[in-house]
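Here is the structure we will look at, set down as structure tokens.
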Amino acid sequence: MEPEPNNNASGSGNPKEEATLKVPSKDPKKKDDKKDEDLSEEDLALKQQLELYVERVQDADQGLQKVALESMRQEIRTSTSSMTSVPKPLKFLRPHYGTLKSFYETMPDSDLKKLLADILSVLALTMSAEGDRESLKYRLLGSEGDIGSWGHEYVRNLAGEIAQEYAKRVNEEASVDDLIELVEQIVAFHMKHNAEPEAVDLLMEVEFLDLLVKHVDSTNYKRTCLYLTSSARYLPGPDDMSVLDIAYTIYTKFEEYPSALQIALYLDNMQHVKQVFTSCPDLLRKKQFCYILARQGTSFELDEEMCGDDDEREALQEIINNTKLSEGYLTLARDIEVMEPKSPEDIYKAHLLDGRASAGASVDSARQNLAATFVNAFVNAGFGQDKLMTVPSEASSGGSSGNWLFKNKEHGKASAAASLGMILLWDVDAGLAQIDKYFHSNDNHVIAGALLGVGVVNCGIKNDCDPALALLADYLDKEDASIRIGAITGLGLAYAGTQNEQIRDKLTPILGDPKAALDVIAFTAIALGLVYVGSCNEDVAQAIIFALMDRSESDLGEPLTRLLPLGLGLLYLGKQDSVEATAEVSKTFNEKIRKYCDMTLLSCAYAGTGNVLKVQHFLGQCAQHLEKGGETFQGPAVLGIAMVAMAEELGLDMAIRSLEHLLQYGEQNIRKAVPLALGLLCISNPKVHVMDTLSRLSHDADTEVAMAAVISLGLIGAGTNNARIAGMLRNLSSYYYKEASLLFCVRIAQGFVHMGKGLLTLAPYHSERFLLSPTALAGLVVLLHACLDMKAIILGKYHYVLYFVVLAMQPRMLLTVDENLKPLSVPVRVGQAVDVVGQAGRPKTITGFQTHSTPVLLAAGDRAELATEKYIPLSPILEENHLQFGIQISAPVLSPVLRFRVLASVIYYGAGTKPSKEEATSKVPSKDPKKKDDKKDKDLQSELYVQRVHDVDQGLQKVALESMRCKLGLWN
């Protein structure tokens with residue numbers, strides 16, 4: 001055997017020697033020599049030069065000092081201007097930073113000392129310790145020269161140090177004037193160099209955002225305001241409002257009135273809205289403002305100051321009142337050929353299922369007929385014709401609508417009669433004429449449905465004649481509860497968001513009526529909440545509070561009683577702190593309703609604000625494991641998470657993840673609310689992972705969870721015709737064919753998905769997710785609160801609560817019109833919106849686009865832009881239901897002489913004269929690649945000239961025309 005190798009033995013002798021070789025040399029000189037060997041000749045020369053400057057700076061001769069300092073400054077400045085890594089002068093001067101600092105302290109006050117302070121300020125960029133803020137210290141001690149000459153990185157570092165120093169001085173209550181002077185210089189530099197976000201951030205840090213207004217110009221105000229409006233969502237109150245106020249001021253300064261109007265609506269500041277109308281002299285732009293107001297659902301009356309001419313004012317008011325909405329919607333429907341009415345069977349597609357389910361679908365039960373009524377109403381919403389309720393002319397003798405109406409039992413007839421209002425949605429004249437026949441019925445349920453139908457058909461449309469009030473007011477005092485509820489709910493839907501005092505005077509006494517039934521009082525509270533949504537009206541709030549206090553112990557346990565706190569909450573929708581006084585009062589309520597009221601008020605008040613602290617508060621409430629009976633308030637808390645977090649995409653995604661945790665660890669009452677919260681977060685926006693979660697929950701062992709998940713599947717696909725969701729729901733109808741309640745929910749969800757044959761959306765956000773329509777959100781919140789107790793309300797006799805969804809229904813169309821409001825087909829590019837906040841230049845705002853002719857449908861997250869230069873859009877956002885104006889530019893706006901010269905030269909050029917020999921030979925294609933490239937360049941140049949001729953800027957037009965004339969040989 002071979003001897004074992006000796007692990008200690010080395011191939012070359014003594015291990016002790018080898019160990020000593022590995023110890024690093026402690027001689028610094030050798031180390032520096034090694035570094036110097038790595039440098040190129042140029043770098044070595046620069047290093048020696050800088051070391052010489054450092055020695056000369058410390059020289060007693062002031063002349064030498066000055067030359068050395070100026071040379072050093074020149075070296076640093078020239079290197080800093082093109083910065084990809086640490087500049088070499090800074091790198092080589094780092095070892096001498098301490099020496100220069102020490103010498104600075106010994107220098108007498110002079111210009112040279114200030115010059116050295118400038119250099120030390122730049123060196124501190126790489127050398128000063130964290131938190132010392134030496135760069136700022138020496139900048140303040142130095143000369144007050146151009147700050148930008150030291151480069152972007154220096155300015156950026158200085159801005160960071162100013163923010164820290166400002167916070168420190170504010171705490172110590174010291175003066176900050178010198179810092180603000182420096183801030184002004186930095187902001188001016190940033191604004192000139194496309195770094196608007198950094199300028200805004202710095203001004204926010206030092207709380208002097210007002211300085212921004214004088215630094216913006218016509219080249220950068222759009223990018224600046226885009227950053228301001230986007231960052232406002234992440235700021236705490238009241239900073240967010242002050243930031244938006246600055247954006248509003250900048251937009252009005254540069255006459256970007258449509259954007260200013262959107263900010264005014266976000267701030268809910270009617271004075272600003274009025275100011276936009278009075279500041280803008282252009283009638284066409286005012287028409288566009290009216291379309292924006294109509295989409296928001298704002299009740300707004302124009303006066304003589306806003307528009308002097310009576311006829312013009314009337315035309316503008318008509319747009320705000322949404323009277324032409326039905327016309328525009330039907331134009332879209334005809335354009336994409338979906339006018340043909342659909343029956344519920346076309347939606348169910350029972351023939352695609354196996355035998356047992358299709359057999360179950362044909363059973364003529366009252367519950368299934370009621371489901372078919374809703375499906376028919378949602379699918380044919382706004383089209384004015386269907387196969388169940390509206391009587392075709394050839395079948396008028398058969399009276400098919402009457403037949404269908406009586407296939408429903410008792411309260412089912414109310415929903416069937418009201419469905420006529422949904423089918424004739426927004427078409428007030430035709431709708432009222434068709435509903436009128438049901439007012440003469442002997443059946444109270446049919447009358448109640450007709451009353452509700454009047455409210456539905458008038459929803460979102462304002463009319464000077466007030467037909468809804470005239471028709472419904474007489475029925476408010478009837479003895480029959482169902483008729484009263486029909487009239488009350490009809491008024492709530494017809495006048496949502498109008499703050500109409502006549503409605504308040506008629507409905508408030510019902511709340512205090514001791515003889516009124518609980519359901520009448522509950523729906524009165526909801527109706528008042530809708531009419532005064534987000535108004536913080538004290539009189540209405542007081543009336544609802546007294547009604548709640550008057551409820552008996554047994555009433556407080558009823559599911560309908562929970563609609564009273566919801567009506568109260570709607571008064572404060574999105575109004576944040578304004579709810580505090582009412583929330584304090586709610587703490588005095590009976591313990592059965594106290595916590596429920598508190599959660600509902602908070603969730604409504606902070607809806608759409610993205611307030612992280614409130615989301616945490618709601619999550620904390622959901623974390624409690626309580627005994628049966630005391631946990632009803634957790635449902636509104638779960639919905640509250642969704643209502644608050646829906647404000648922006650980031651919060652929305654985080655809320656979805658938090659809701660996943662609640663599903664895993666929450667009690668049954670929390671689990672049944674989670675699908676509804678997911679439905680609200682992704683409404684009319686079917687995200688795949690949310691779809692999968694809801695599909696899983698729709699097979700849950702708990703019936704209430706499954707029902708909520710099925711309804712939510714309908715909500716996330718509402719108006720999208722999403723094939724995947726439609727397939728899921730078809731399979732669910734087969735799976736639950738024996739369970740009437742679940743099958744009813746599946747049918748409702750199918751109606752939602754195919755709502756308006758795919759032309760409608762329920763999303764309360766519009767204008768690129770910037771504005772939230774309060775009436776739309778209110779309608780959805782009422783529906784979701786009703787779904788928290790599905791068995792008592794939707795599956796009971798109050799299924800007509802489903803019609804509250806009409807408040808959120810809007811066409812998801814882009815319709816372009818000309819100056820006379822006539823539809824105009826214009827090519828537009830439609831693609832996925834791209835976030836361009838904080839990007840310099842003019843980045844592309846859409847990706848993966850296709851070009852279509854308007855009217856077009858826009859899905860969630862889509863954005864459109866004009867694909868032609870023939871028209872000018874009068875709004876910066878081309879989005880759903882923003883009816884755009886196009887001013888046709890038939891010819892560029894030129895002086896007559898210039899126009900004639902161009903036309904003459906073009907005619908002369910193509911007049912068919914015989915070409916000269918040179919021209920003829922020039923047409924032979926050249927084989928020389930260089931000449932080929934020249935030809936390409938000339939072609940591109942010609943195209944550019946033509947584009948410039950169509951430019952709005954007359955200066956550019958003139959240059960382009962002169963160039964074309966020279967090229968064509970038309971010299972003066």
Side-chain angles (χ1 to χ4, degrees), residues 159 163 187 190-191 194-205 207 209-213 215-216 219-254 256 258-269 272 292 296 574 576 606-612 615 644-655 681 685 763-773 831-847 860-863 865 875-879 882:
V187 168
H190 279 325
M191 296 303 278
N194 295 328
E196 297 89 2
E198 290 176 31
V200 172
D201 287 344
L202 177 60
L203 288 170
M204 280 184 190
E205 289 285 354
E207 297 168 5
L209 201 57
D210 300 355
L211 294 176
L212 189 64
V213 179
H215 288 289
V216 286
T219 59
N220 58 26
Y221 78 92
K222 284 185 182 173
R223 289 195 300 272
T224 307
C225 289
L226 181 62
Y227 185 72
L228 285 170
T229 50
S230 304
S231 57
R233 295 192 182 283
Y234 301 98
L235 293 171
D239 294 356
D240 54 344
M241 295 302 158
S242 57
V243 165
L244 288 170
D245 263 329
I246 299 290
Y248 171 81
T249 309
I250 293 171
Y251 275 138
T252 45
K253 179 182 173 184
F254 291 98
E256 186 70 27
S259 302
L261 178 65
Q262 284 167 0
I263 291 175
L265 288 172
Y266 184 93
L267 295 168
D268 197 19
N269 187 328
H272 280 358
I292 295 170
Q296 176 70 350
Q576 304 193 35
Y606 288 89
T609 60
N611 189 310
V612 183
V615 174
V644 175
M646 69 194 292
E648 38 81 34
E649 289 292 336
L650 191 64
L652 190 144
D653 290 338
M654 290 170 75
L681 284 171
N685 182 12
Y765 276 98
H766 61 98
S767 301
E768 296 188 348
R769 270 190 72 82
F770 181 65
L771 288 176
L772 171 68
S773 171
Q832 198 64 28
V834 177
D835 187 8
V836 293
V837 180
Q839 292 187 24
R842 291 184 183 173
K844 295 277 181 236
T845 54
I846 57 172
T847 181
D862 276 0
R863 189 182 281 164
E865 56 183 40
S875 168
I877 295 170
L878 274 76
E879 210 194 36
H882 267 221

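For Glu198, the salt bridge (Lys or Arg N to Asp or Glu O under 4.0 Å) partners at least two apart in sequence or on another chain are Arg156. Contacts of Glu256 classified as side chain to side chain donor-acceptor pair (under 3.5 Å), with partners at least two apart in sequence or in another chain: Tyr221. The ring pair (Phe, Tyr, Trp, His ring centres under 6.0 Å) search around Tyr234 returns none, not counting sequence neighbours. When the side chain to side chain donor-acceptor pair (under 3.5 Å) test is applied to Ser259, no partner is found at least two apart in sequence or on another chain. Partners of Asp201 under the side chain to side chain contact (heavy atoms under 4.5 Å, CB included) rule, at least two apart in sequence or in another chain, are Tyr227. With sequence neighbours excluded, the residues satisfying side chain to side chain contact (heavy atoms under 4.5 Å, CB included) with Asn685 are Lys687, Ala860. In this structure, the side chain to side chain contact (heavy atoms under 4.5 Å, CB included) partners of Leu228, at least two apart in sequence or on a different chain, are Val200, Met204, Leu209, Leu212, Thr224, Val243, Ile246, Ala247, Ile250. For Thr219, the side chain to side chain contact (heavy atoms under 4.5 Å, CB included) partners are Asp217, not counting sequence neighbours. Legend: residues meeting side chain to side chain donor-acceptor pair (under 3.5 Å) with Thr845, ordered by chain and number and at least two apart, are Glu865. Partners of Asp268 according to the salt bridge (Lys or Arg N to Asp or Glu O under 4.0 Å) rule, which considers only residues two or more places apart in sequence or in another chain, are Lys575.
Leu261 places none of its side-chain heavy atoms less than 4.5 Å from the side chain of Tyr251. Contact check for Thr229 versus Tyr266: no side-chain heavy atoms found under the 4.5 Å cut-off. Arg769 places a side-chain heavy atom less than 4.5 Å from the side chain of Leu652. Side-chain contact between Lys844 and Val834: absent, with no pair of heavy atoms (C-beta onward) separated by less than 4.5 Å. Inter-residue side-chain proximity for Gln296 and Gln262 is flagged as unmet; no heavy-atom pair is nearer than 4.5 Å.
The stretch residues 222-236 participates, sequence neighbours left out, in these salt bridge (charged side-chain N to carboxylate O under 4.0 Å, His left out) pairs: Glu196-Arg223. Sorted by first then second residue, the side chain to side chain donor-acceptor pair (under 3.5 Å) pairs that include residues 237-249, not counting sequence neighbours, are Asp245-His272, Tyr248-Gln275.
Within a 6.0 Å sphere centred on CE of Met654, heavy atoms belonging to other residues, nucleotides or ligands number 12 at most. Other residues, nucleotides and ligands place more than 12 heavy atoms under 6.0 Å from the NZ atom of Lys253.
Without hydrogens or angle criteria, Gln832 side chain to Ile846 main chain gives no donor-acceptor distance under 3.5 Å. Within the 3.5 Å criterion, the main-chain N or O of Phe770 finds no donor-acceptor partner in the side chain of Glu768.
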